[in-house]
Amino acid sequence: MSDLTALSACELSRAIHTGQVSCREVMSAYLDRIDRLNPQVNAIVNLQPRALLLAEADTRDAQLATGHSQGWMQGFPMAIKDLAETAGVPTTYGWPVLARHQPADCTMVARMKAAGGIVIGKTNTPEFGFGSHTSNRLFGDTRNPWDLTRSAGGSSGGSAVSLALRLQPVADGSDMMGSLRNPAAFNNVFGFRPSPGRVPRASAPEAFLSQLSTEGPMARHVGDLAMLLSVQAGRDDRAPLSLPGDGSEFAQSLVSDDARHMRIGWLGSLDGHLLMEPGILDVCDSALGRLSSLGCHVEPVSLGFSTEVVWQSWLTLRQWASAGLLNAMAPDAPRREQLNEAARWELAQGEKLSAREVLKASQQRTAFYRHLLKLFERFDVLALPSAQVWPFALDNGMPQQINGQPLDTYHRWMEVVVCASLAGLPTVNVPAGFNPQGLPMGLQLMGKPQADLSVLQLAAAFETTISDLLARQPSLS
């Protein structure tokens, strides 16, 4: 095979398991590509020594020679997002203070290793994941391969870039405020935010209150996305809110006649509430036209709920959760002084909150969730753009304005992702198209509560209509 990195992950797994290629050959091909391209984008950090990784690949080959495979990811090179705790490789959270932090494996990483994956390093992320822009003081900027002067998005920016450039077969990520969706949109790949509890965090120190963020898969193809989710997902009693099942439902065929006849509610800019850069709604309209060509019924719809209530509820709950994390990481003044501006702001805002304010925000969240259930009586899926701006210039930092209108927080430009996060909806980013400058954008498809499989089936049907978009490759590659 001429270029092993051009295979889909499913094709690669079959080739490994049928003996067409060895795990050593796969590892060598990916490491060669990383050596050539990664220095230009800085997607993968803390890359492990080649000799060590080839030795691990040889171990996987020896297992196969005896008729044993650990699983679907046998021999896959895996660069783990630098927020997911990983044994054997530093997990830094993008924070210089944790440059040598050596934790145990979190649940997701342990499952990916158990399925035969080999950890080759980490993927870059913003400090503690704050801000949908992958830049930190420890490793620097991750550059967008479609335009090296532009942001890769975040916080799973390193993961998305590694996929766009075929530096690994599939990638993990996590998503509180669009961190699986925004970087996928900025890099023309798929990113799936599962339902809360679908990918359990059994090793997390707190298991009942943390429901805004979830780990999940990213991939270049929907079939690969679902297969990685089948590895990551599954009930774990140590995570009391984890969902039942073993993940095997996502390893089945995604072909579904029902997916081609879904009712899709197009929320657009939320009746003009969301500031949008020119061209984004047009590109998403075009993507919706592809869904119509499948047989789906697409209809514009109003949210019908106060967008300000949604935003304030989100802001409060996010700051409360973030302050809890940061208090644990930086419990004293010397450490707090070493946090970046976004982290210090989140911590300061969270520490001002009262129990009454947090409860009110949770009640508003509940009301919003119940309101969406009524919308889902009319629609199977709700759709929104995946970002409000195109990939922006690295030199400018995070967007301060949209269309000349100033933004009141460092993350208001990602308000478009909040509906799915606040309501806990399974949501996939699908590639939607490009602007005249060749920059990518994505579309969010938000499913009914816990309808993860249905959302993936729709994404798989949509993928059949975008071969032209997926055929486009970054100029760097």
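Nothing fancy with the numbering, it's 1 onward along the sequence. When reading the values below, keep in mind they use all heavy atoms of this one structure, side chains included, and skip hydrogens, waters and symmetry mates. Quantities reported herein were computed from a predicted structural model and do not represent experimental measurements.
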Is the closest side-chain heavy-atom distance between [X] and [Y] below 4.5 Å?
X: S162; Y: M218; value: no
X: L469; Y: F434; value: yes
X: L267; Y: F379; value: no
X: L241; Y: P196; value: no
X: M446; Y: L384; value: yes
X: N136; Y: T92; value: no
X: S174; Y: M108; value: no

Heavy-atom closest contact ([X] atom, [Y] atom, distance):
X: E357; Y: T316; value: O-CG2, 3.8 Å
X: G94; Y: D82; value: N-OD2, 3.8 Å
X: R181; Y: T427; value: CD-CG2, 3.8 Å
X: S195; Y: L243; value: CB-CD1, 4.1 Å
X: Q388; Y: M414; value: OE1-C, 3.6 Å
X: A321; Y: M176; value: CB-CE, 4.4 Å

task = Among residues two or more places apart or on two chains, list those pairs meeting salt bridge (Lys or Arg N to Asp or Glu O under 4.0 Å) that have a residue in residues 218-229.
result = none
ask   = For residues 123-144, which residue pairs qualify under salt bridge (Lys or Arg N to Asp or Glu O under 4.0 Å), counting only residues two or more places apart or in two chains?
value =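 Found E127-R137.
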task = Could you tell me whether R412 and E415 make a salt bridge, using a distance below 4.0 angstrom between a side-chain N and a carboxylate O?
result =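 A salt bridge is present here (some side-chain N lies under 4.0 Å from a carboxylate O).
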message = I need the full list of ring-ring contact (aromatic ring centres under 6.0 Å, His included) pairs touching residues 108-136, with sequence neighbours left out, sorted by first then second residue.
response =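 Every pair satisfying ring-ring contact (aromatic ring centres under 6.0 Å, His included) with a residue in residues 108-136: Y93-F128, W95-F128, H133-F392.
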query = What pairs meet the ring-ring contact (aromatic ring centres under 6.0 Å, His included) rule with one or both residues in residues 255-303, with sequence neighbours excluded?
reply =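 Output for this query is empty, none listed.
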key: Check: D271/S302 side-chain N/O donor and acceptor closer than 3.5 Å   =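 Judged by distance alone, the side chains do pair up.
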ask   = Residues two or more places apart in sequence or in another chain: which of them pass side-chain contact (heavy atoms from CB on, under 4.5 Å) with S386?
value = A185, N429, Q444
Mind checking the [atom1]-[atom2] spacing from [X] to [Y]? Nearest 0.5 Å is all I need.
X: F462; Y: L291; atom1: CZ; atom2: CG; value: 5.5 Å
X: L228; Y: R111; atom1: CG; atom2: CZ; value: 12.0 Å
X: E85; Y: D105; atom1: CD; atom2: CG; value: 9.5 Å
X: R198; Y: L229; atom1: CZ; atom2: CG; value: 7.5 Å

ask   = Applying side-chain hydrogen bond (donor to acceptor under 3.5 Å, both in side chains), which residue pairs with at least one partner in residues 361-373 are found, sequence neighbours left out?
value =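 Residue pairs passing side-chain hydrogen bond (donor to acceptor under 3.5 Å, both in side chains), neighbours aside: none found.
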ask   = Hey, is the main chain of A84 close enough, under 3.5 Å, to the side chain of K122 for a donor-acceptor pair?
value = yes
query = Take atom CG in D468; do more than 12 heavy atoms of anything else shown fall under 6.0 Å from it?
reply =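 Count over threshold, so yes.
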